Amino acid sequence: MHDTVTIVGNVATDPTQGRTSGGVPVTNFRLASTHRRFDEATQTWIDVGTNWYSVAAFRQLAENAKTSLRSGDSVIVTGRMKIRTWENNGKQGTSVDIDAEVIGHDLRWGTTAYRRSARSTSTPQGSRETGGSDQTLPDTAEGSVEREEQEIQTPWAMDDGGYLSSGVQPDATATDVQA
């Protein structure tokens with residue numbers, strides 16, 4: 001049985017990339033989730049304990065994770081959790097693994113710039129991935145559909161002057177708004 005979980009933590013190891021025996025890209029990294037509490041006696045935050053997870057991302061998520069993540073990055077990971085026991089050279093232990101479905105930077109602690117990645121619809125074996133639909137996509141000369149990387153822009157983006165890109169100035173500031 002697998003449970004879907006969301007974990008907030010820090011990338012503890014630089015992501016490594018490989019391929020499954022079937023040729024599917026996979027990126028692996030360790031995730032540390034440290035729990036903190038405020039100590040009234042010392043008036044400081046103290047670390048209570050750290051949970052460790054092994055995260056695996058597959059296919060396009062693997063490619064994007066390898067490019068985007070570095071050790072120390074604060075991230076949010078949602079995926080299927082598996083708990084397994086292991087034995088190696090007489091030692092035994094338990095590993096908590098997450099097969100990631102979604103990975104993103106935690107924007108409470110920093111900023112990031114989103115770029116849509118090029119996506120191929122051909123797999124190494126030549127079959128098509130169409131996001132679960134049966135539609136036929138046009139081919140390029142190489143036999144795959146690819147999009148150029150592009151910045152995502154919305155009509156809500158602020159321009160250099162701090163106004164909405166449509167040129168409309170906001171009527172109220174956050175302090176003007178009454179609940």
Side-chain angles (χ1 to χ4, degrees), residues 1-119 129 131-132 149 151-154 156-158 162 170 172-179:
M1 180 168 149
H2 302 289
D3 295 324
T4 298
V5 296
T6 298
I7 306 294
V8 177
N10 292 310
V11 177
T13 59
D14 280 326
T16 59
Q17 191 169 42
R19 292 200 175 267
T20 66
S21 59
V24 175
V26 59
T27 296
N28 297 290
F29 62 92
R30 296 281 286 163
L31 180 68
S33 178
T34 301
H35 300 275
R36 306 187 86 203
R37 71 171 178 82
F38 189 75
D39 185 352
E40 294 288 338
T42 63
Q43 294 293 299
T44 60
W45 287 93
I46 59 171
D47 293 342
V48 178
T50 301
N51 291 327
W52 293 90
Y53 304 91
S54 296
V55 178
F58 298 90
R59 298 176 184 75
Q60 189 65 45
L61 182 58
E63 302 284 348
N64 293 341
K66 176 63 176 152
T67 302
S68 302
L69 302 179
R70 301 289 175 266
S71 180
D73 285 357
S74 183
V75 295
I76 302 170
V77 175
T78 297
R80 292 175 308 280
M81 180 177 67
K82 297 183 291 187
I83 300 173
R84 62 182 174 85
T85 56
W86 56 266
E87 184 176 336
N88 188 9
N89 295 330
K91 294 182 181 180
Q92 296 180 352
T94 302
S95 177
V96 181
D97 302 335
I98 299 174
D99 286 342
E101 296 171 353
V102 178
I103 302 172
H105 284 107
D106 183 351
L107 298 180
R108 292 178 299 170
W109 309 112
T111 62
T112 190
Y114 178 79
R115 280 193 325 251
R116 186 177 303 267
S117 59
R119 182 173 175 180
E129 292 179 354
E149 280 191 7
E151 293 287 332
I152 301 300
Q153 304 212 356
T154 66
W156 301 263
M158 302 301 271
T173 64
T175 56
D176 296 331
V177 177
Q178 300 294 320

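Predicted, not measured: the structure shown is a model, and the values here were computed from it.
Annotation: side chain of V8 is in contact with side chain of R108 (closest heavy-atom distance under 4.5 Å). Looking at T13 and S71, their side chains never come closer than 4.5 Å, going by heavy atoms from C-beta outward.
With rounding to the nearest 0.5 angstrom, the CZ atom of F29 is 4.0 Å from the CD1 atom of I103. Separating the CZ atom in R80 from the CG atom in D3 is a distance of 12.0 Å, to the nearest 0.5 Å. Between the OG1 atom in T27 and the CG atom in L61 there is a gap of 8.0 Å [rounded to 0.5 Å]. With rounding to the nearest 0.5 angstrom, the CD1 atom of I76 is 8.5 Å from the OG1 atom of T6.
For the residue pair V24 and R59, the shortest heavy atom distance occurs at CG1-CG, 3.6 Å.
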As a quick check of understanding, evaluate side-chain contact (heavy atoms from CB on, under 4.5 Å) for D106 and V75, giving each step before the final call. CA-CA 5 Å; D106 183 351; V75 295; 5.9 Å; no
Let's go through F58 and T20 carefully: what are the C-alpha distance in whole Å and the side-chain angles of both, what is the deciding distance for side-chain contact (heavy atoms from CB on, under 4.5 Å) to 0.1 Å, and is it a yes or a no? CA-CA 9 Å; F58 298 90; T20 66; 4.1 Å; yes
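Between R36 and the choices D47, T44, I46, the side chain to side chain contact (heavy atoms under 4.5 Å, CB included) rule is met once, by D47. Test L69, V11, D99, L31 against V55 for side chain to side chain contact (heavy atoms under 4.5 Å, CB included) and you get one pass: L31.
If you check the side chains of S54 and R30, you find a donor sitting under 3.5 Å from an acceptor.
In W109, the CH2 atom is not crowded: 12 or fewer heavy atoms of neighbouring residues, nucleotides or ligands sit closer than 6.0 Å.
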